Amino acid sequence: MQDDADPPGGEPEGFRVLADELKREFRSWMSDPVVWPAERVDELARRTFALQVSGNRAYGSYCRRLGVAPPAVHGWRDVPPVPTAAFREVPLVVGEPRDAVLEFRTSGTTRGSQRRGYHLVRDPELYRASLTATFYRFVITKAAGRGRLPIASLVPPFDQAPHSSLSWMADAVVERFGTRNSECFAAGAGVDWPGAGRFLARAEERGKPVCLFGTTLAFDEWTRRLMETGRRFRLPDGSVAMDTGGSKGRDYLIRDEVVARLHSCLGLPPGNVVNEFGMTELLSQRYGTPEALVAPPWLRTRSLDPVTLEELPEGETGILNHFDLANAGSVCSVLTEDLGSVAGGRVRWEGRVPGAPPRGCSLATADLLRSQTGTVGEDR
Amino acid sequence: MTEENAEIRGGRRSVFHLPGLDPGPRMSSGWFEGATPAGLRFRAPNLTSEGASRAADRVSEAAALAQRHRTLAQVVSAAAEAAGRLVDPTSCAGSEALQVLREELAWPESVARETLLGMGRIWTEQALWEVIRSELPDPAVLEGFSPSSESRARRASGPRLLLQVVSANVPGVAVTGVIRALLCRSGVLVKLPEDGPGLVVLFARLLAEADPVLGDAVAATWWPSALECPLWQTWVARASRIVVYGGKAAVEGVRGRARTDQDVLAYGPKLGVAVVLPDMDLAPAARGLARDICAYEQQGCVSPRLIFTLGPPAELAQELAPALSGEVARLGLPPLRPEEAVAIRSLRAEVEFRGYGGSASRVVASGEDLAWTILIDDPPSLESVSLPRVVRLSHIGSVEALRESLRPLEGRIQVLGYAGGGGQLALLAEAAAALRVSRITPVGRMAWPPADWRHDGRFQLLPLLDWTEWEVE
């Protein structure tokens, strides 16, 4: 499947124009969240695909092996999706990998894989434009005032986690929407829980809405601690929290229970606890609840039959295929190993596809070899 | 007889063989319900302590009766007769066996038929005598004291009750295990595998028809492994020896329950490896490999997962691809489970994109039906996966290099298949022995070991036997 006709490197012609156009579109949607006509998404899909198939060396080879060229792509559904496994193997970036500004790495925690995936980002401003627009629309607008507000982040800052797309996002969110009273309470592997408690107390005193930003796991720990100590807060009306990340293999973590504890410990109504669904391989995010995640118009999702890869009807569970125009600098169409369904543009996320159980008495040596060599893992 | 009574005697979806056990609240308390990976739902009675104990008593008594009133030849004959009916596709029992495999595993009939025929070859009377004689030059020791010299005599005794736990394997291995126990004159309690419980139940029923006493010396049922229940407690406590066929979790689960003085003999998962040596006509080698890969849906530790070639991998893949297509066309293709499809695509993507990154790794595969996959690895990979018809193919420089490369898998390789060889075969055999491979064989025969094969590198009967020496005054 190796293709000798690899495209030349460098920034492909047209990338800058397209990226700038997308940024304008994202910012425009932030202030005026209109529905994009399907034709508009498909037109942008055709242009990004043409750019990626010619400018992303590995993806171009893949598409040529599949026999899919730009004339065959009429809309986003026709764009060949790249399985997330590919991100572990090769730089998937438009142009030269050395021109990438950021390198985000996947956690490797869910599968315990030896190799972590990485997503090279050649235009961080495209990421920023997408994430700020969606964070504003799906989180900030829930807060009273809709302006800047104090943000408490439980995610390490990017300078301490230089390959974490979530940390980069947290920094960008605080920079764009936070007041001077915003604080990050995560450092290294731990969280300054007393400091976070003082943030809540100050918020109570001031009576102005605040935003809490963290992983579901961090909120779980925080609220368990508060339950143990009996300490309770009542955050001002209009306060919001954004939680993200799955259970990372922790069976005990049940998000509904975390949301209920955020209500009982902090006074946050469940409707103001917004779940974010993001992946290192995607530069746009979905928001809502795991049962109904909504997205900006440039992020489309469909559910595919896991065996045939045919698109499933609305509401049927399959594996999720995301198409994200914010990924213009890498690959837009990503085939995940997540189970879910799509109905009315909302995604119901149902967790990772379980690993295939061993059949018969045939030994899968991967685990054996890993136990001999050790493994690594780091959060998104 | 009530409907429940009929169920207790065994039915297609009620998978148990509990001879002489009358139903009722004292003996059982409802049902355990399970499902095979192919989705066939089945049930087995949740025996009370008294029920589990009564079943063990019955088996133990029947085994003692058989000791007194059946010769070894009669045991061999009855076991071979039952097994012969099981694998005879023209008989009612053979049709039922085919149906069991098709329903439990969603296998095409041709795969099920070939599996039964292959297993049947090691269950014939002649094959069973080969096993006995290869381990016990004087089979009379299984019937009583037999003189070993002028002043001494020996007797070999199997455990009165042997517990056989089968959690994952190819179909038929549980039957082989039961036959081994019977040859050792033991009674056997079988914990059935969830992924294919029916075949051994059918065999036990046929055995009871061939010889009711021997049929009573076998009890088989299923219960959820993770559940603490009277069956676990009673049968483990009653068994004087335990044999486990399964993965690490199954083995550890049994060891955790066993008494410290109880022998636990474990047959864990292993791996098939094949090597194509120089000066070999690749087409027949590829056809043999394809047969071995597709046998038992590649679920067995005797099917190759890793293939090495001393020549260019691409050339071998070029021959192996049509051979696999041909074999799949001949045998048919069972449905893939969703998680298997996702895992195969993920693997294909990994290797394909690695190739785009500059290595010589590449994928040669069937299309989106995911029927078969050859992953050409550069550098070589030892990461086998338990997915249907997926093999890793690598170049290796020499037999010595192969031995070094496989060293991390020492003790884990069940069979090493070879094609070609000439002067290098002896070297390969020595390498296999150093790696504690239990068997080396030409490709095309990997999946069908001979009856007297040293399974996992061990004797089949001797590990079950205790010896008594009688020194005559």
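Residue numbering restarts at 1 for every chain, and letters A, B, ... go by the order of the sequence lines. Keep in mind that this is a model prediction, so the values were computed, not measured.
Note on B:G272, B:G246, B:A341, B:S381: by heavy-atom pairs under 4.5 Å with chain A, the leading option is B:A341. Among B:L382, B:V170, B:I413, B:V385, the residue with the largest count of heavy-atom pairs under 4.5 Å with chain A is B:L382. Taking B:A343, B:S346, B:S303 one by one and counting their heavy-atom pairs under 4.5 Å with chain A, the maximum is reached by B:S346.
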Verdict with reasoning, A:D324 to A:S284, per side chain to side chain donor-acceptor pair (under 3.5 Å): CA-CA 7 Å; A:D324 183 7; A:S284 299; 2.7 Å; yes
From CA spacing to verdict: salt bridge (charged side-chain N to carboxylate O under 4.0 Å, His left out), B:E350, A:R88: CA-CA 7 Å; B:E350 256 182 46; A:R88 292 198 287 266; 2.6 Å; yes
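A:Y127 and A:F104 have their aromatic ring centers within a separation under 6.0 angstrom. Within the 6.0 Å centre-distance limit, the rings of B:Y267 and B:H455 are counted as a close aromatic pair.
Using bins of under 30°, 30° to 60° and over 60° for the plane-to-plane angle, the ring pair B:W448/B:Y296 lands in the tilted bin.
Heavy-atom distances place no part of A:L339 under 4.5 Å from chain B, backbone and side chain included. Only the backbone of A:T308 comes within contact range of chain B, with heavy atoms under 4.5 Å apart.
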